[in-house]
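I have placed the structure first, in the form of structure tokens, so that the comments after it can refer back to it.
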Amino acid sequence: MVKSLLFSLLFCSTLSFAQEVNIIPQPVEVVRKTGNFVISSQTSLVVANKEDNAAAAFLNTYLFNYYGFKLPVVNKAVKNSIKLISQKNIEGLKGEGYSFKSGKNGVEINGNSPMGTFYGMQTLIQLLPVEKSSSLAIAAVDVKDEPRFAYRGAMLDVGRHFFSVEFVKKYIDYLALHKMNYFHWHLTEDQGWRIEIKKYPKLTEIGSKRNGSIIGKYPGKGSDNTPEGGFYTQEEVKDIVKYASDRFITVIPEIEMPGHSSAAIAAYPELSCFPDEKTNLPENMMSAKSKQEMANGRNKIVQETWGVHTDVFVPTENMFKFLEDVLDEVMALFPSKYIHVGGDESPKDAWKRSAFCQQMIKDKDLKDEHGLQSYFIQRIEKYINKKGRTLIGWDEILEGGLAPNAIVMSWQGEAGGIAAAKENHQVIMTPGSHVYLDHSQTKDEKEVTIGGFLPLDTVYSYEPIPKELNAQQAKYVLGAQGNVWTEYMANPAKVEYMIFPRLSALSEVLWSPKESKNWTEFQTKIETMKKRYTIWGANYFKE
Ligand code: ACM
């Protein structure tokens, strides 16, 4: 139940007007009290336990970056302080829950775990004024809070366009500021392989660069003839995983298979069913450099146009060895329990034409090419399970039979998620209709986007538990995720334009109790949030 008691302005000190309480995502319970607390460089940050150092560091970095001062960190209770206290078993709260009390003498944040304390600290950030000042008055409130869903995610596609380590960290910060806890890192695509794999150096030497991209919207108006490229070294990956972990965010790597694999095939053509066939790309969309290279005998290039491509991995032993080697290096870098292997949009054309694949279908007594895809994913799942990890795949992994322990990411609407939950499989909801943050935010969008129409209120209205599921089946829905495909996002400013303010709406879908969501109040709160985007120096959609 939400208690939102607003007291009269009469009691407010001269230092401030009534401090606004516009917390996103909306907490379970907020009680407004009289007065406020003023944070200044004289305020101490009390950190009794080492495990709260990460929350303290985040707050101090935030205050320093956006308000120009830091708080001294002490380990004993003092007056005029913000206390961070992680303790277990706070009555009635889940592990990620926290209580928050601010009053004239200070702030006390009690987390049910360091993660809970971190989220309480995020609530403090949401109470900060949006004007830069050396004394920051925050409202006196009592908050009790915990998330609705265990999985609160956002994906970033770094395959279509590469994004710097600096921006990936910024994106992770944006998630942390919204109490989100999973960053799905889409690392491999037709247009770019972005992660260093020591055993297969050509994946990045060749696969991380393309000679051009189509101009404008697919199918394009020709090639821009501008090289695009970049990859993350293993050291950079470790740094990002640690950075996320300090923000209680798990990074889930995605290695796409069997489709969306043109970049890997460009590096190692033997991974294709037809190594001697040329990469399929309309002549008038191809860069001059690639045309030249192909004229000189090269067959496979990193894709330069968007869409779905038919050149996919061939299920030979050699190819499985390749994927297992890649996954070994990936699993060594990412402690995440979940490993995403894609599985979406893998056309069966090549497998139909391939004598090897047809023989394999016969030998293994598979029904057809969909059966072969199912065999492929199940084999990879066994490998991942053997290493103690759990496989996530896009909903196409349902076709031809689901791998036994797989988690389904439902993107083609909710049908895949519903079917999987009914088969007692865990599900993450990412339907295009509600959480594809690459879709346009207005019907007359001036920027180039992939199209569609996904306004803020549609994101806000999303209910991740489909009504088709009964209470028992609903437990299989872990949560939901916003997807950011970057065909038409070539730089950070465009990503920010596409995610804000919709990411803020999504955070409330994922965190707040269903009954405390309120679109009218959210519209007020989002105006304050827009001022925070501005403080962060972030771009956002303004209409
Ligand atoms: C997807 O959007 N192809 C998962």
Side-chain angles (χ1 to χ4, degrees), residues 151 153-161 182-194 217-219 252-264 303 305-313 338-349 370 373-374 376-377 380-381 391-400 402-403 406-420 425-440 449-454 458-459 462 464 477-489 495 498-499 502-503 506:
Y151 187 104
M155 183 276 271
L156 181 66
D157 164 18
V158 296
R160 273 53 176 266
H161 284 100
Y182 283 94
F183 169 49
H184 169 179
W185 203 5
H186 185 80
L187 284 163
T188 71
E189 255 307 336
D190 293 304
Q191 298 82 7
W193 181 284
R194 307 303 190 184
K217 208 160 153 163
Y218 180 87
I252 301 176
E254 181 182 357
I255 304 295
E256 274 269 22
M257 60 189 79
H260 289 288
S261 46
S262 303
Q303 262 296 349
T305 181
W306 319 126
V308 172
H309 303 285
T310 54
D311 203 358
V312 304
F313 287 143
Y338 304 136
I339 302 293
H340 202 308
V341 301
D344 61 318
E345 299 179 321
S346 187
K348 304 296 181 280
D349 312 50
H370 293 291
Q373 159 123 355
S374 182
F376 189 120
I377 298 292
I380 293 294
E381 181 179 42
L391 177 144
I392 302 182
W394 298 109
D395 55 44
E396 286 93 330
I397 67 168
L398 281 151
E399 294 166 12
L402 202 49
I407 299 178
V408 171
M409 216 171 237
S410 189
W411 72 279
Q412 300 176 103
E414 297 188 312
I418 292 166
H425 278 263
Q426 291 184 317
V427 169
I428 296 157
M429 288 297 190
T430 69
S433 55
H434 288 82
V435 293
Y436 264 47
L437 305 184
D438 56 339
H439 291 183
S440 293
T449 75
I450 201 155
F453 177 51
L454 180 56
T458 304
V459 178
Y462 186 50
V477 179
L478 297 177
Q481 170 177 291
N483 287 342
V484 179
W485 302 103
T486 59
E487 289 94 332
Y488 304 102
M489 303 179 210
V495 172
M498 297 303 284
I499 64 173
R502 292 184 293 189
L503 190 78
L506 178 63

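Fair warning: this is a prediction, and the values are worked out from it, not measured in the lab. Counting starts at 1 for both ligands and their atoms, following the listed order.
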- Per-atom contacts of ligand 1 with Trp485, taking only distances under 4.0 Å to non-hydrogen atoms: 1 (C), 2 (O), 4 (C)
- Query: Which atoms of ligand 1 are found less than 4.0 Å from any heavy atom of Tyr436?
  - Reply: 1 (C), 2 (O), 4 (C)
- Query: Do Thr458 and Phe453 come within less than 4.5 Å of each other through their side chains, counting heavy atoms only?
  - Reply: no
- Item | Side chains of Asp344 and Glu256 in contact at under 4.5 Å (non-hydrogen atoms) | yes
- Value for CD (Gln481) from OG1 (Thr430), rounded to nearest 0.5 Å, stands at 6.0 Å
- Message: For ligand 1, which is the ligand I care about here, please tell me if Trp394 has any N or O atom under 3.5 Å from one of the ligand's N or O atoms.
- Response: no
- Sub-3.5 Å N/O-N/O distance, Trp411 and ligand 1: no
- Message: Considering non-hydrogen atoms of the protein only, which is the closest contact for atom 3 (N) of ligand 1, and what is the distance?
- Response: Asp344 OD2, 2.7 Å
- Message: Can you tell me which portion of Glu345 lies within the under-4.0 Å heavy-atom range of ligand 1? Options are side chain, backbone, both, or neither.
- Response: side chain
- Query: What orientation do Tyr488 and Trp306 show, parallel under 30°, tilted 30 to 60°, or perpendicular over 60°?
  - Reply: perpendicular
- Message: For Tyr182 and Tyr151, take the angle between the two ring planes, folded into 0 to 90°, and tell me which bin it lands in: parallel under 30, tilted 30 to 60, perpendicular over 60.
- Response: parallel
